[in-house]
Amino acid sequence: MIAIEQLHKAYGKLPVLKGISLEFNAPGRITAILGPNGSGKTTLMKAILGMVLPDQGKIMVEGKSIKGQWVYRNRIDYLPQIARFPENLRVRELIAFIHDLRQGETREAALIRLFGLDAHLDKRLGNLSGGTKQKVNLVLAFMYDSPILILDEPTSGLDPIAMIRLKELIQAEKKRGKLILITTHIINFVEEMADEIVFLLEGNIYFRGSQDELKTRVGETSLERAIASILGAEKVELNGKAHLSSQYGDARYGDAKYGDAKYGDARYGDARYGVTTKESL
Amino acid sequence: MKKIFKYTLYDLIRSRWTLFYLGFFLLLTIVLLAFSGDVSKVIISLMNVVLILCPLIATMFGVMYAYNSREFTELLLAQPIPRTSIFWGQYFGLGVSLSLSILIGIGGPFLFYGLFASSEIWNFFILIVIGVLLSLIFSGLAFLIALRNENRIKGFGLAILTWLFFAVIYDGLMLLLMVIFREYPLEPLALSLSLFNPIDLSRILILLKLDISALMGYTGAVFQKFLGTGLGISIALFVLLGWVGLPAFAIRQVAARKDF
């Protein structure tokens, strides 16, 4: 359904994607796109949506090149990373707005109930809390029944109940045969949801395969440790300071408290990876 | 584009800032009308306010709105609509919400004061048209600046500088030029230079219409001498419309090549 060939993208002099080729053909599959900050995850997703224009390479969605096109986007549902909306519109009006733009069948009523937004429908978006805005964001992303679903950090700011609902929703969409791409920093979420992992590192595909394959390849028992070990290994290659990086890796990834706090909080994840990136550069 | 325009306008007419802007014009016009009682004098007083304030407010609003809606714009970009329609919709929504504030804020009190009975109706009309055109031009320029600069502080700075340039610096430079080259015939130069500044152009337009040569200033006098009132007004209005088109066209070009 999506084919990417030799995708290159640089922001100014900073290369972000360095010739990525990927195909997503199997429907009913959840692919997690992982990698430290600045590895090009969001850029890759935005390139598929036509928001970022590639320097080189080709992107095809359902067999057609997307260059200069926009109609294909009604085959994709997208959840942006940051939920910010026009402050003086009411939730109901915002939903009507998106519906006006896209037309077609919607199923927002069920989603509004699922995320408990009934009481907020007539509130202005400027008055909503961050978590509630994210729920509105989810309703907007899921209210069309498009065959491709792209979710950028779907869990940020959600309470545990909404989190469970979201996971169930994503699983249900998977069963209905959708192609689902997710980026997240929350490893537990990946472990639970992803059929496949694409790991980006400095603009290249470092790994693509199942969770087990990733663990076997790096010789670790948990996904979290496997990822830590990839990032740690990269550090050694770049800096040649093996002792420092492994110390870092242990302290960060081996700490149970860290793992707990991180759950449900995207910022924690960000901070952690952020350190790693800086270290590795 | 119509849909984006509609909801942008929906959002903006309920914004506190728009209401504040409307309130300001209402209050100012009411006070001026109550104290002077002469419709023609009030129009001249308001002219000065419109010439300086409308561009400034439009610039501030434009740059603020463009940066504030950045994340939502990303959501819109992922929808099956072309880029141009998003940015033009937002731009015109912004311009029209500002224009409504001017129209109601100034027009309301005038209407109440019996404008239609007075002979000043066309002068009033020109005042409103200029307020609207200046709002569109400067919010468009601000939108363009915000689109081209990811750094918000830099964007704000450039936008304010643009306003300052057209409102103050341009006239200063022009005057300097006139003084330096005073030995030469400068009318054609002054005439063409004033076409490149929408605020100057608006000033000329309104003064030609009001026919107050004492207030006309150098460029205005030249305009009238060379072109006569009728042709002068037509040319000024035509060029101002071109000024509205310029940022709209540039927004389209910049948006087409931008990564979000």
Side-chain angles (χ1 to χ4, degrees), chain A residues 9-12 16-17 42-43 45-55 61 66 68-90 93-104 124-126 133 136-137 140-141 144 146 148 150-152, chain B residues 1-22 61 64-90 93-94 97 100-101 147-152 252-260:
Chain A
K9 180 68 200 176
Y11 293 125
V16 182
L17 299 176
T42 298
T43 302
M45 288 189 159
K46 286 183 170 178
I48 296 171
L49 286 155
M51 291 156 72
V52 164
L53 309 169
D55 297 335
V61 172
I66 63 161
Q69 301 296 315
W70 64 81
V71 181
Y72 79 96
R73 289 201 281 261
N74 63 19
R75 307 287 290 161
I76 305 177
D77 290 331
Y78 170 61
L79 180 88
Q81 193 169 15
I82 301 167
R84 251 188 99 181
F85 307 108
E87 296 191 348
N88 302 297
L89 288 186
R90 295 171 208 286
E93 290 166 340
L94 179 68
I95 293 171
F97 181 11
I98 301 299
H99 183 56
D100 240 13
L101 287 177
R102 287 187 78 144
Q103 306 295 339
R124 288 188 184 199
L125 285 148
K133 275 188 201 155
V136 173
N137 207 11
L140 295 179
Y144 285 91
S146 310
I148 301 169
I150 297 182
L151 309 172
D152 199 348
Chain B
M1 187 178 104
K2 260 193 292 181
K3 289 165 188 168
I4 307 269
F5 166 76
K6 185 175 117 188
Y7 284 94
T8 303
L9 190 62
Y10 253 28
D11 176 36
L12 282 171
I13 52 176
R14 281 182 282 180
S15 131
R16 230 176 316 163
W17 296 103
T18 312
L19 293 176
F20 183 75
Y21 192 43
L22 170 71
F61 267 32
M64 239 165 59
Y65 183 77
Y67 283 131
N68 269 337
S69 56
R70 186 75 186 8
E71 288 86 5
F72 184 61
T73 303
E74 286 189 11
L75 180 71
L76 292 178
L77 284 162
Q79 306 303 323
I81 40 173
R83 282 187 175 192
T84 311
S85 70
I86 297 173
F87 293 101
W88 280 4
Q90 288 180 339
L94 182 72
S97 86
L100 281 176
S101 286
L147 210 53
R148 290 195 58 145
N149 293 283
E150 288 291 305
N151 182 336
R152 294 179 185 209
R252 188 182 131 126
Q253 297 304 103
V254 172
R257 279 180 277 116
K258 189 174 157 67
D259 295 311
F260 289 90

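Residue numbers begin at 1 in each chain, while the letters A, B, ... track the order of the sequences.
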Would you please go through residues 253-260 of chain B and name the residues with a non-hydrogen atom below 4.5 Å from one of chain A, in numerical order? B:A256, B:R257, B:K258, B:D259, B:F260
Quick check on the structure: residues of residues 13-22 of chain B within a heavy-atom distance below 4.5 Å of chain A, by number. B:R14, B:S15
Taking all non-hydrogen atoms of both residues into account, name the closest pair between A:N88 and B:D11 and its distance. N-OD1, 2.9 Å
Considering residues at least two apart in sequence or located in another chain, which fulfil the side chain to side chain donor-acceptor pair (under 3.5 Å) criterion with B:Y67? none
How far apart are the C-alpha atoms of A:Y11 and A:T43, what are their side-chain angles, what is the distance that settles it, and do they pass the side chain to side chain contact (heavy atoms under 4.5 Å, CB included) test? CA-CA 10 Å; A:Y11 293 125; A:T43 302; 3.3 Å; yes
What are the two closest non-hydrogen atoms of A:A141 and A:Y78, and how far apart are they? CB-O, 3.5 Å
When only pairs under 4.5 Å are counted, which of A:L94, A:L49, A:V52 shares the most heavy-atom pairs with chain B? A:V52
For A:Y144, the ring pair (Phe, Tyr, Trp, His ring centres under 6.0 Å) test, sequence neighbours excluded, returns none
Does the side chain of B:L12 reach to within under 4.5 Å of the side chain of B:F61, using non-hydrogen atoms? no
Mind checking whether A:P80 and A:D152 have side chains closer than 4.5 Å, heavy atoms only? no
Measure from the ring center of B:F72 to the ring center of A:F97 and say whether it is less than 6.0 Å. yes
For the candidates A:L79, A:I98, A:T42, A:L89, which exhibits the highest count of non-hydrogen atom pairs separated by less than 4.5 Å from chain B? A:L89
Under 4.5 Å to a heavy atom of chain B? For A:L140 that would be side chain
Distance check, rounded to the nearest 0.5 Å: B:R83 atom CZ versus A:M51 atom CE? 8.0 Å
Select, from A:L53, A:D77, A:I76, A:V71, the one with the greatest count of heavy-atom pairs under 4.5 Å involving chain B. A:L53
Where on A:R75 is there a heavy atom nearer than 4.5 Å to chain B: the side chain, the backbone, both, or neither? neither
Residues A:G104 and A:H99: closest non-hydrogen pair is O-CE1, 3.0 Å
When you measure from the side chain of B:E74 to the backbone N and O of B:R70, does any donor-acceptor pair fall under 3.5 Å? no
Could you grab the distance from atom CD of A:E87 to atom CG of A:L125, nearest 0.5 Å is fine? 9.0 Å
